[in-house]
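Report on one structure; see the data block that follows.
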There are 2 protein chains.
Amino acid sequence: MQLRRSDVVTGALTLLDTEGLDGLTMRKLGAHLGVQAGGIYWHFANKQALLAAMADRIIAPVATEPLPDAPWDAQLTELGQRLRHALLKHRDGARVVAGTYVIEPNTIRAGEQALRILITAGFPADRAAWVMAPVFYYVLGHTIEEQAQHAEGDWTERNSDEADPALQTAMTSMLSAAPSDRFTFGLNLFLDGLRHRLPHSPA
Amino acid sequence: MQLRRSDVVTGALTLLDTEGLDGLTMRKLGAHLGVQAGGIYWHFANKQALLAAMADRIIAPVATEPLPDAPWDAQLTELGQRLRHALLKHRDGARVVAGTYVIEPNTIRAGEQALRILITAGFPADRAAWVMAPVFYYVLGHTIEEQAQHAEGDWTERNSDEADPALQTAMTSMLSAAPSDRFTFGLNLFLDGLRHRLPHSPA
DNA sequence: ACCTGAACACCGTTCAAGT
DNA sequence: ACCTGAACACCGTTCAAGT
């Protein structure tokens, strides 16, 4: 039976979870789908196009679920949290999304949601995207690192000697903290900046 | 005459500028250095280690130059600006740094500078790193996109139809703006959040 | 110590040819 | 329309052997 474009994306995401991004090859994907590697190129022009489709699928839940009726800052926080959770659902999800310049439908929709929140809240339309981009970079950057989980011993090892105790405290408290706490902290840092530019919304 | 570790890094950065990160292969680097590809492995355990050394070299100017005697927020801004400029000095510089979990000396030093600024300013030591990380993610994310310069027509093309004019304005103003203006704007957004948590420093 | 030569085990992508 | 088979032009990495 035939392979649809969406089957290829689904198979690729399954393989992503078991092999990771670096282990995701067209040949392995072909084998997983019961097809020659070359066969995939009938459905996708190249690997990059497939990765873009995967990224869009990963982001889908962020664009789909309706936002709660809440103040703009709570809505924006919710969007950031949803994005992180969506990225965490697949191994290397953040790297996949970061690596593809996505102009697929769901990604566009998610971005439009963020812009609408900001514009409705009173941000000038010609600055809304300037605000959205940093939040997006932050969520991606944080989650990439969260998913990389490079053996945490590294830093402590390298710097066990010669270091300022305050700096030690700083690094240790970052490495030992729960990722979700650090994430929320950073997101709030951002929103403080935003709230500062805009009258706080009435609850 | 013999090849030193630092010569390999220098050659790799030269090649990076002409070929880009995706075109930087061990074989091409070998040819550029007048050496077989395998020969490089005497100096570096693998390509990843070489990329880490390249990243550290790229970041070097951020760690080396002393900071001006200024309020903490101005110092932090300066550090962010320097990091962006350092990344921009080499093609795909931001991607190189983002792709390597760097615990090389210069990167450590640059991070310590940021932590010291924050701690001196009065941030609790166990939160300083939580503040530093988001700024770092932002600078990297912004600069990666700035260096990708994916034909700006893409978005406008895809969305010339059916779209909300306010959203159009938002996207257009982002795509047409000078990257350095957008960068400074985003950095300030962050600092507003920080200043909000800390008594503003006396000039 | 530092590098060559040559191989190993892979890649993404193309494309005639099959069904 | 959808895929096979087989090739092309690469990769990173290893390692005996040379100097």
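Note on naming: letters A, B, ... go to the chains in the order of the sequence lines (proteins, then strands), and numbering restarts at 1 for each one. Just so it is clear, the structure is predicted and the values come from calculations on it, not from any experiment.
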Separation between the C1' atoms of dC8(C) and dC10(D), rounded to whole Å: 15 Å
Separation of atom [atom1] in [X] from atom [atom2] in [N], rounded to whole Å:
X: L29(B); N: dC11(D); atom1: CG; atom2: P; answer: 12 Å
X: L33(B); N: dC3(C); atom1: CG; atom2: P; answer: 10 Å
X: I40(A); N: dT4(D); atom1: CD1; atom2: C1'; answer: 13 Å
X: D22(A); N: dC10(C); atom1: CG; atom2: C1'; answer: 14 Å

Dot-bracket notation for DNA chain C is requested: 5' to 3', Watson-Crick or G-U wobble pairs only, both distances under 3.5 Å, with ( ), [ ], | and . as defined. ||.|||||...|||||.||
So, does T100(B) use its side chain to make a donor-acceptor pair with the main chain of V97(B) at under 3.5 Å? yes
Is D7(B) reaching over with its side chain to a backbone N or O of R4(B), donor-acceptor style, under 3.5 angstrom? yes
If you check every side-chain atom of [X], which of [options] has the closest atom?
X: Y41(A); options: dG12(C), dC11(D), dC2(C); answer: dG12(C)
X: K28(B); options: dC11(C), dC11(D), dT13(D); answer: dC11(D)
X: M26(A); options: dT13(C), dT13(D), dC3(D); answer: dT13(C)

Aromatic centroids of Y137(B) and Y137(A) separated by under 6.0 Å: no
Of residues 2-14 of chain B, the positions that come close to DNA chain C - non-hydrogen atoms, cut-off under 4.0 Å: Q2(B), L3(B)
Does the structure place the NZ or CZ of R116(A) under 6.0 Å from the centre of the six-membered ring of F123(A), at an angle of no more than 45° from the ring's axis? no
Cationic tip of R84(B) above F136(B) ring, under 6.0 Å, 45° of axis: no
Mind listing the closest non-hydrogen atom pair of W130(A) and A177(B) along with its distance? CZ2-CB, 3.1 Å
Salt bridge (Lys or Arg N to Asp or Glu O under 4.0 Å), that's the test. Do R91(A) and D17(A) meet it? Break it down for me. CA-CA 5 Å; R91(A) 163 122 88 122; D17(A) 288 332; over 6 Å; no
Do V135(B) and L187(B) touch side chain to side chain, with heavy atoms closer than 4.5 Å? yes
Between L50(A) and M54(A), is there a side-chain heavy-atom distance shorter than 4.5 Å? yes
I'd like a table of atom pairs between the protein and nucleotides 5-8 of chain D - only N or O on both sides, under 3.5 Å - with the distance next to each one.
none

Can I get a per-line list of side-chain donor-acceptor pairs under 3.5 Å for residues 23-32 of chain B, giving both atom names and the distance, sequence neighbours left out?
residue	atom	partner	partner atom	Å
T25(B)	OG1	K28(B)	N	3.1
K28(B)	NZ	E19(B)	OE1	3.1
K28(B)	NZ	G23(B)	O	3.0

Qualifying residues under ring pair (Phe, Tyr, Trp, His ring centres under 6.0 Å), relative to F183(A), sequence neighbours excluded: Y138(A), H142(A)
Check R95(A) with D22(A), please: is the shortest side-chain N to carboxylate O separation under 4.0 Å? yes
Presence of salt bridge, D192(A) and R195(B), under 4.0 angstrom: no
Check this for me: D181(B), atom CG, are more than 12 non-hydrogen atoms of other residues, nucleotides or ligands nearer than 6.0 Å? yes
Looking at dC3(D), I'd like to know if its phosphate oxygens (OP1 or OP2) sit under 4.0 Å from a side-chain N or O belonging to H43(A). yes
Among residues 46-57 of chain B, which contact DNA chain D at a heavy-atom distance under 4.0 Å? N46(B), K47(B)
